[in-house]
Amino acid sequence: MKVYKDFIRQAVDEDLASGRFDHVHTRFPPEPNGYLHIGHAKAICISFSIAKEYGGKCNLRFDDTNPSKEEREFVDSIVEDVRWLGFEWQGPFFASDYFERLYELAEQLITKGSAYVCDLTPDEVRVYRGTLTEQGKNSPYRDRSVEENLDLFRRMRAGEFPDGSRTLRAKIDMASSNINMRDPVMYRILHREHHRQGDKWCIYPSYDWAHGLEDSIEGITHSLCSLEFEDHRPLYDWFIDELGVYHPRQIEFARLNMTFTVMSKRILRALVESGLVEGWDDPRMPTLCGLRRRGYTSDSIREFCDKIGVSKADSIVDIALLEHCIRTELNLSAKRLMAVMHPIKLIIDNYPEGQIEWLDAVDNPEDENSSTHKIPFSRELFIERDDFTANPPKNYFRLSPGAEVRLKHAYYVTCTGYKTDVAGEVTEVHCDYDPESRGGGTPDGRRVKGTLHFVEANNAMPCRIRLYDRLFTRANMIELEPGKEVNDYFNADSLELIDALAEPELASLPIGGRIQLLRHGYFIVDKDSEGDFKVLNMTVSLKDTWAKIQQKGG
RNA sequence: UGGGGUGUCGGCAAGCGGUAAGCCAACGGGUUUUGGUCCCGUCAUUCGGAGGUUCGAAUCCUUCCACCCCAGCCA
């Protein structure tokens with residue numbers, strides 16, 4: 001059998017075959033300045049899975065080279081999220097632990113005449129850099145002696161100069177067509193406290209200078225990152241070659257985009273700070289903590305990452321694929337329960353008053369050996385408002401005058417009438433039941449087209465249901481319409497709160513328990529639940545072909 | 001108008017000179033004590049366009065077009 005391998009795995013195969021490397025060691029290097037989202041999950045799955053498949057290891061490394069943006073809180077949440085995803089890492093490591101080594105290497109580069117201290121201001125640096133079409137020009141400080149550079153650099157470290165007054169730059173080529181090679185900054189002066197180093201440093205390495213060396217120090221073989229670093233690869237290679245240290249291979253892939261949502265940390269942060277969502281773990285957010293609270297499993301997210309593949313083409317994955325992954329899993333594992341969201345009373349006139357029966361309900365019909373639980377049944381029930389209509393449209397299988405339906409796990413009932421209030425709203429539905437149909441089948445084997453869920457009136461458990469919809473109203477949030485901004489597409493109906501009634505079994509569910517609410521969707525018991533009063537977050541709805549038919553009809 | 005990339009079904013994505021996988025979506029039909037699940041079927045004569053090489057091209061060559069990324073002392 002031929003196993004398909006994406007271009008990265010093909011490259012790894014080649015490297016192993018050619019002897020460039022004799023093992024595989026990857027890394028996932030988040031900057032601790034925000035929460036992980038599903039786009040990171042893609043990157044995590046790629047690096048960790050490849051390492052695992054080749055019998056190698058994967059490091060979790062925090063790229064904490066910028067003290068003004070990084071926080072401890074994010075380190076903790078990232079660790080938690082990667083662990084939740086189910087991967088085992090080496091470490092965690094911190095780029096900041098290599099600061100001393102990086103500093104030594106910088107002095108080496110200076111000694112070699114390949115780096116210099118530059119006194120240009122940020123504005124001047126920009127001017128000297130040139131533009132995309134015009135080459136830059138050399139800094140007037142480019143030809144300082146090694147001794148002067150070493151002295152200045154040491155004094156930079158010693159804190160003698162203010163922020164922004166000087167930088168250490170690589171001496172490469174100001175005429176390069178690749179702007180990244182035009183004497184990039186290696187160190188900037190930042191008198192800022194570092195979350196792990198405290199006030200030990202006042203110069204901090206830049207990404208380009210640090211990243212390849214972090215990989216080199218850790219013995220990484222394949223440094224997998226996203227497309228925007230393709231332009232930086234020549235620089236990644238240059239530093240390593242110039243220093244003559246171990247040389248990992250950087251390979252770039254396209255980052256994940258998904259319909260109806262955004263992956264931008266900036267925008268996500270704005271949603272949180274503006275209060276449009278309730279936090280980083282709001283179940284509408286594409287963050288891993290948000291998806292977790294929404295009820296997504298780590299398995300389903302890994303399955304999703306596997307299904308979307310890896311390539312270098314910019315793309316936007318249909319969020320329906322993510323939903324498909326979680327539905328597939330939960331269909332097999334979630335216990336079925338009944339709850340009515342928009343109740344209307346159903347009275348069974350020929351059922352003995354005061355009688356209550358406890359019927360058996362299968363927990364999961366997908367499982368042959370499924371356990372069961374008891375559900376109450378009596379003369380008064382609640383059914384879904386949508387499950388009754390006085391004027392049934394074509395192909396309406398539910399209750400309407402004269403129609404017979406099955407009450408799930410219980411009895412067949414035939415509608416005998418209904419009452420309305422002064423406004424004409426239906427207030428209660430009446431029916432007769434067939435005592436022979438106990439359990440939901442009849443001796444004569446007659447069929448009914450509709451099966452409704454219900455809740456017994458006296459044992460109904462109030463609960464709070466949170467229905468979620470897509471975060472934004474536009475599928476492609478990368479290209480917006482002229483004059484519009486992200487917030488214009490925020491889906492104001494993305495959260496709907498419902499006070500529902502559920503069967504008593506709901507009380508037995510722990511926080512984090514996942515269920516299917518029959519004919520509605522999959523839900524998870526939220527931590528906001530208090531005792532028997534459960535708060536349920538909708539993970540994803542069930543497919544609804546009836547709704548689809550209705551939409552088409554008008 | 002510099003450099004680096006990418007263009008295969010509505011959305012992802014295989015294909016690596018031998019005659020277009022798969023998944024999601026969509027659409028038919030069957031089964032069904034969830035209008036769920038499951039099952040069956042339909043869904044690119046065509047691979048950004050145009051030339052060329054070849055018995056044969058999505059795959060090689062030429063050329064054109066479109067889109068993405070880069071001018072932070074962010075990563």
Side-chain angles (χ1 to χ4, degrees), chain A residues 2 4-6 10 29-31 33 63 65-66 68-69 118 120-122 125-127 129-136 163-169 176-182 184-190 203-204 206-208 210-211 225-234 252 254 259 265 306-325 327-328 331-332 336 338 361-362 365-366 395-398 406-410 412 437 439-441 447-453 475 478-479 516-521 541-549:
Chain A
K2 206 166 168 183
Y4 152 65
K5 291 197 176 181
D6 57 65
Q10 286 177 26
E31 182 188 12
N33 72 342
D63 211 357
T65 55
N66 187 343
S68 45
K69 293 168 59 180
C118 180
L120 255 23
T121 65
V125 168
R126 191 181 336 114
V127 172
R129 184 160 35 229
T131 67
L132 294 178
T133 52
E134 301 162 51
Q135 62 183 53
D163 285 5
S165 59
R166 281 177 229 262
T167 55
L168 180 72
R169 296 226 261 162
S176 174
S177 51
N178 181 345
I179 287 186
N180 297 304
M181 301 298 272
R182 318 236 265 229
V185 168
M186 294 167 59
Y187 277 94
R188 68 279 213 187
I189 300 174
L190 244 29
I203 57 172
Y204 289 93
S206 62
Y207 170 85
D208 284 313
H211 202 87
C225 61
S226 46
L227 251 30
E228 67 267 32
F229 294 104
E230 230 161 354
D231 284 348
H232 296 247
R233 195 171 64 231
E252 313 83 10
T259 55
K265 263 182 208 172
D306 197 51
K307 275 186 168 5
I308 58 177
V310 187
S311 77
K312 298 186 70 157
D314 291 319
S315 60
I316 304 179
V317 175
D318 194 337
I319 198 167
L321 182 57
L322 213 212
E323 296 175 340
H324 167 261
C325 291
R327 278 197 192 102
T328 303
N331 173 53
L332 296 176
R336 270 63 166 173
M338 297 198 284
V362 173
E366 298 301 314
N395 289 326
Y396 187 81
F397 300 158
R398 281 105 102 141
R406 171 170 39 236
L407 293 177
K408 181 78 176 175
H409 299 132
Y412 282 17
S437 63
R447 306 279 183 143
V448 288
K449 283 206 165 168
T451 298
L452 313 186
H453 62 277
I478 293 171
E479 299 168 26
Q516 180 193 104
L517 248 28
L518 230 57
R519 302 212 295 142
H520 285 304
S541 68
L542 249 26
K543 284 191 189 166
D544 189 347
T545 59
W546 173 239
K548 205 180 276 177
I549 291 167

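Every heavy atom of this structure was used, including side-chain atoms; hydrogens, water molecules and symmetry mates were not. Convention: sequence-line order gives letters A, B, ...; per-chain numbering from 1.
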Query raised in the report: Using a cut-off of 4.0 Å between protein heavy atoms and nucleotide atoms, how would you tag nucleotides 38-43 of chain B 5' to 3' with B, S and -?
Result: ------
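- Proximity of S206(A) to the phosphate of rC73(B): no side-chain N or O atom is located under 4.0 Å from OP1 or OP2.
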Grab the N/O contacts between the protein and nucleotides 58-60 of chain B below 3.5 Å, and write none if there aren't any.
none

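- Phosphate proximity of rC70(B) to R182(A): absent, as no side-chain N or O sits under 4.0 Å from OP1 or OP2.
- Here rG72(B) is in the syn range [glycosidic angle within 90° of 0].
- Across rG15(B) and rU8(B), the matching C1' atoms stand 9 Å from one another, rounded to whole Å.
- If you measure from atom CZ of R129(A) to atom P of rC70(B), you get 13 Å, rounded to the nearest angstrom.
- When distances are taken from the side chain of D318(A) to each of rC70(B), rC73(B), rG10(B), the shortest belongs to rG10(B).
- Among the atoms of the strands shown, base atoms are found under 4.0 Å from some heavy atom of T167(A).
- Place L332(A) and V125(A) on RNA chain B by their nearest nucleotides, and L332(A) ends up nearer the 5' end.
- If you take CG of D208(A) and P of rG72(B), they are 13 Å apart, rounded to a whole angstrom.
- Distance noted for atom C1' between rC73(B) and rG2(B): 24 Å (whole Å).
- Nucleic acid contact class of P365(A) (heavy atoms, under 4.0 Å, all strands): base.
- Between rG72(B), rU34(B), rA13(B), one nucleotide has an atom nearer to the side chain of K408(A) than all others, and that is rU34(B).
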Sequence neighbours left out, cut at 3.5 Å: what donor-acceptor pairs do the side chains of residues 308-317 of chain A make with other protein atoms?
from, atom 1, to, atom 2, distance (Å)
S311(A), OG, A313(A), N, 3.2
K312(A), NZ, E230(A), OE2, 2.3

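- For R398(A), the salt bridge (charged side-chain N to carboxylate O under 4.0 Å, His left out) partners two or more places apart in sequence, or in a different chain, are D387(A).
- The nucleotide rC67(B) finds its pairing partner in rG5(B), both defining distances of the Watson-Crick or G-U wobble pair being shorter than 3.5 Å.
- For D306(A), there are no salt bridge (charged side-chain N to carboxylate O under 4.0 Å, His left out) partners, not counting sequence neighbours.
- Counting any heavy atom pair closer than 4.0 Å across all strands shown, R169(A) reaches no nucleic acid atom.
- The I308(A) side chain lies nearest to rC12(B) when the options are rC74(B), rC12(B), rA75(B).
- The residue H453(A) sits apart from the nucleic acid: no heavy atom pair falls under 4.0 Å.
- With a cut-off of 3.5 Å on both pairing distances, the Watson-Crick or G-U wobble partner of rU42(B) is rA26(B).
- Within the 4.0 angstrom heavy-atom criterion, no nucleotide atom of any strand lies near Y412(A).
- In this structure, Q10(A) reaches the bases: a heavy-atom distance under 4.0 Å links it to at least one base atom across the strands shown.
- Not a single donor-acceptor pair, N or O on each side, falls under 3.5 Å between the base of rC24(B) and the side chain of E323(A).
- Nucleic acid contact for H409(A): base, since at least one base atom lies under 4.0 Å from a heavy atom of the residue.
- The H324(A) side chain lies nearest to rC24(B) when the options are rC73(B), rC24(B), rA14(B).
- Counting only distance, with no hydrogens or angles, the side chain of R129(A) and the backbone of N180(A) share no donor-acceptor pair below 3.5 Å.
- Residues satisfying the side chain to side chain contact (heavy atoms under 4.5 Å, CB included) criterion with F229(A), sequence neighbours excluded, are Y207(A), C225(A), S226(A), H232(A), Q250(A).
- No donor-acceptor pair closer than 3.5 Å links the side chain of D208(A) to the backbone N or O of V185(A).
- In this structure, the side chain of R188(A) does not engage the main chain of G164(A) through any donor-acceptor pair within 3.5 Å.
- One N or O on the side chain of T259(A) and one on the backbone of I319(A) form a donor-acceptor pair closer than 3.5 Å.
- In this structure, R188(A) reaches the rA75(B) phosphate: one of its side-chain N or O atoms is under 4.0 Å from OP1 or OP2.
- For the P atoms, the distance linking rU59(B) with rG48(B) amounts to 8 Å, nearest Å.
- Comparing rG5(B) with rC60(B), their P atoms sit 16 Å apart, to the nearest whole Å.
- Applying the 4.0 Å criterion to OP1 and OP2 of rA14(B), one finds that Y4(A) has a side-chain N or O inside that range.
- Within the nucleic acid shown, F229(A) comes within 4.0 Å of at least one base atom, counting heavy atoms only.
- Under the rule for a side chain to side chain contact (heavy atoms under 4.5 Å, CB included), P122(A) has no partner lying at least two apart in sequence or in another chain.
- The side chain to side chain donor-acceptor pair (under 3.5 Å) check on R233(A) picks up E252(A), with sequence neighbours excluded.
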Requested in this report: Test R336(A) against E366(A) for side chain to side chain contact (heavy atoms under 4.5 Å, CB included), laying out the working first.
Outcome: CA-CA 10 Å; R336(A) 270 63 166 173; E366(A) 298 301 314; 3.9 Å; yes
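- Between K543(A) and rU37(B) there is a side-chain polar atom (N or O) within less than 4.0 angstrom of OP1 or OP2.
- In this structure, L542(A) reaches the bases: a heavy-atom distance under 4.0 Å links it to at least one base atom across the strands shown.
- Among the protein residues, V448(A) comes within range of no part of the nucleic acid, since none of its heavy atoms lies under 4.0 Å from any strand.
- Between rC43(B) and rA20(B), the distance separating the two P atoms is 14 Å to the nearest Å.
- Residue R336(A) is classed as a base contact, given a heavy-atom separation below 4.0 Å to a base.
- Partners of N395(A) under the side chain to side chain donor-acceptor pair (under 3.5 Å) rule, at least two apart in sequence or in another chain, do not exist in this structure.
- Straight-line distance from the CG atom of L120(A) to the P atom of rG72(B): 14 Å, rounded to whole Å.
- Using C1' as the reference atom, rG7(B) and rA13(B) are 13 Å apart when rounded to the nearest Å.
- Nucleic acid contact for I316(A): sugar-phosphate only, since backbone atoms but no base atoms lie under 4.0 Å from a heavy atom of the residue.
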Report task. Any chance you could list the contact pattern along nucleotides 2-9 of chain B? Use B for base contacts, S for sugar-phosphate-only contacts and - for none, protein heavy atoms under 4.0 Å, 5' to 3'. Result -> BBSSS---
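- Residue T131(A) has its side chain nearest to rA71(B) when only rC74(B), rC12(B), rA71(B) are considered.
- For E228(A), the salt bridge (charged side-chain N to carboxylate O under 4.0 Å, His left out) test picks out R255(A), with sequence neighbours left out.
- Here H453(A) pairs with E384(A), R519(A), H520(A) under the side chain to side chain donor-acceptor pair (under 3.5 Å) rule; sequence neighbours left out.
- The partner of rA50(B) is rU62(B), judged by Watson-Crick or G-U wobble contacts that both fall below 3.5 Å.
- Counting any heavy atom pair closer than 4.0 Å across all strands shown, K449(A) reaches no nucleic acid atom.
- As judged by a 4.0 angstrom heavy-atom cut-off over every strand, R519(A) is placed among the base-contacting residues.
- The phosphate of rU32(B) has neither OP1 nor OP2 within less than 4.0 Å of any side-chain N or O from T451(A).
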